[in-house]
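For reference, the structure discussed in these notes is given below.
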Number of protein chains: 2
Amino acid sequence: MKQNKKNCDLKSCTMCKQCQHDWLPALDANRKSFHFKKGEQLFIEGEEVKGMYFISKGLVKVHKRWSDEKELILRIARDGDIVGHRGLGADTVYPVSGTAMEPTDVCYIDLSFFNSTLRTNPDFQYNLLMFFAAELKESEKRMRNLAHMNVKGRIANALLYLQNKFGKDANGYINLSISRQDLASYTGTTYESLFRIMNELSTEKAINTDGKKTQILNAALLQEYIEQS
Amino acid sequence: MKQNKKNCDLKSCTMCKQCQHDWLPALDANRKSFHFKKGEQLFIEGEEVKGMYFISKGLVKVHKRWSDEKELILRIARDGDIVGHRGLGADTVYPVSGTAMEPTDVCYIDLSFFNSTLRTNPDFQYNLLMFFAAELKESEKRMRNLAHMNVKGRIANALLYLQNKFGKDANGYINLSISRQDLASYTGTTYESLFRIMNELSTEKAINTDGKKTQILNAALLQEYIEQS
DNA sequence: CGATTTATTGAACGTAGTCAATTCGGGTGG
DNA sequence: CCACCCGAATTGACTACGTTCAATAAATCG
């Protein structure tokens, strides 16, 4: 990671821009601007909590380890999202890691200043509270799905969720470039299982202009998989 | 459920008692006192959010349905805990249900008043925020465990967690009376699987003074199961 | 062009879920 | 007090899903 001169814009943060703007200058004075290359880690599970990150531009996966080779991706954050907030609370170590999936620019706010800013801006605190409430709901829904849906259903579900969250590009593809390995980690399954099921799900394939093959998902099958699970 | 005359005590709420006490009278004026019998539901998944519950005395499971016969227990709340807070946020329906596992007395606060009290007491809002942060951490840890641990490990884990949370009584038993069905739902497995594994885990059995049999868990095995998974 | 990683497929294995049968224990009513 | 009944406990057998391992093919990179 490297600190750069480029000014990140806190107003692009979904949570900040709904707040009274008279506090932003103070926040602005305390921010640092960082750039992370693809694959670099913003914060690491088990390390001391240092601060919060507001993503100006990029993509960050938040993941949690299990044993040496397994992990679960908890969330995929992008422009305007906040990450590192799981470091809040009594515990002073990050319970999760954050890794850039693309080159990513962030605003960084020191934890102690972040904490004090909560007190001075109840609006922001309220927004953050609502954000946590939404995250908790989502987390518990996924937890139930992990417990009771089969892999087909979880994959179908994840694809629809990601399509809904990231939208579609001009070609109708999901506006998110993610490796199969990451998609497997996101749905809580193995690379091989994901591979096989993705094949079942794509009844047709397209050849892109660059010569690469793209799988085209069958919407009806997606629905079917969810219902069967 | 029935509203009773008995005064519930908001100061017994873990979150309230850390706050400035000058707002408590206002909160106090807006509370209602309810009693729920074992098995009665405080709130139901899918229903309109009405308010928050502070448990004065009792035990409440928070659970989420999957299909008609399956559910996942997300949390077991007791004296001093708050439930119904998952109703906060943009969505106006409860994403989960709350059911009394024992006769339970609660303080009930109307949602609209609860929301306004957040604004007037930043301390309380801050405590609630930290509470949500802790819940989210816990939820995500369990999510990862559901994804990667096997059933043995999850059960062993859950038993240790519950022992840690509810403590042990004079006989060394976990201070929580929970049905096997509920324990299965809590660990995300079936009644039968839980049964078999609990048998494996208890290398000896005790006959209580009342003639009932009690399973005595083998601590070493618990540890082993967690490590193997 | 060789080397090394990533994709693809097959086969086997084990875990845990499902179904069904039986037993047990504790009421309840005759 | 006994016969009956019901739900919970207990156990066995079977099955299926998904992981794991291994082998091959394809692609990427220096």
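The structure presented is a predicted model; accordingly, all values stated were derived computationally and were not measured. Just so it is clear, the values below take in all heavy atoms, side chains as well, and ignore hydrogens, waters and symmetry mates. By convention in this document, chain letters (A, B, ...) are assigned in the order of the sequence lines, proteins followed by strands, and residues within each chain are numbered from 1.
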Practice task
State, without any angle test, whether A/Tyr225 and A/Glu200 hold a side-chain donor-acceptor pair at a distance under 3.5 Å.
Solution key: yes
Completion exercise
Among the nucleotides C/dT18, D/dA9, D/dT19, whichever has the atom closest to the side chain of B/Thr190 is C/dT18
Problem - d(CD, A/Gln215; C1', C/dA7) in whole Å - result: 11 Å
Exercise for the section: Would you classify B/Arg196 as touching base, sugar-phosphate or nothing, given that sugar-phosphate means primed atoms plus P, OP1 and OP2, and contacts are heavy atoms under 4.0 Å? Expected result: base
Practice task
Kindly say if A/Tyr191 contacts the phosphate of C/dA7, meaning a side-chain N or O under 4.0 Å from OP1 or OP2.
Solution key: yes
Practice task
Take atom CG of A/Asn199 and atom P of C/dA7, then tell me their distance rounded to the nearest Å.
Solution key: 12 Å
Completion exercise
To the nearest angstrom, the NZ-P distance between B/Lys152 and C/dG17 comes to 13 Å
Practice task
Please determine if B/Lys32 forms a cation-pi arrangement with B/Tyr108, meaning its NZ or CZ atom is less than 6.0 Å from the six-membered ring centre and no more than 45° off the ring axis.
Solution key: no
Completion exercise
Between B/Met198 and B/Arg180, the two heavy atoms sitting closest are CB-NH1, 4.3 Å
Exercise for the section: Find the distance B/Met198:CE to D/dA9:P and express it as a whole number of Å. Expected result: 11 Å
Practice task
For the side chain of B/Asn150, starting at C-beta, report the closest nucleotide among C/dA16, D/dA9, D/dT11.
Solution key: C/dA16
Completion exercise
Minimal heavy-atom distance between A/Arg154 and A/Asn145, with the atoms involved, is CD-O, 3.6 Å
Problem - Spacing of B/Met149 atom CE relative to C/dT15 atom P, expressed in whole Å - result: 15 Å
Practice task
Would you kindly give the CD-to-P distance between B/Gln181 and C/dG17, to the nearest whole Å?
Solution key: 12 Å
Practice task
Under 4.0 Å between any heavy atoms, over every strand shown, what does B/Ser179 touch: base, sugar-phosphate, or nothing? Just pick one.
Solution key: nothing
Problem - Sugar-phosphate, base or nothing in reach of B/Glu192, heavy atoms under 4.0 Å - result: base
Problem - Closest to the A/Phe195 side chain, choosing from C/dT18, C/dT9, D/dA8 - result: C/dT9
Problem - Between P of D/dT19 and CG of A/Leu146, the distance in whole Å - result: 11 Å
Practice task
Output the single nucleotide from D/dT11, D/dT19, C/dG17 whose closest atom is nearest the side chain of A/Ser193.
Solution key: D/dT19
Exercise for the section: To the nearest Å, give me how far apart CZ (A/Arg180) and C1' (C/dT8) are. Expected result: 9 Å
Practice task
Using only heavy-atom distances, determine whether the side chains of B/Gln41 and B/Thr99 contain a donor-acceptor pair under 3.5 Å.
Solution key: yes
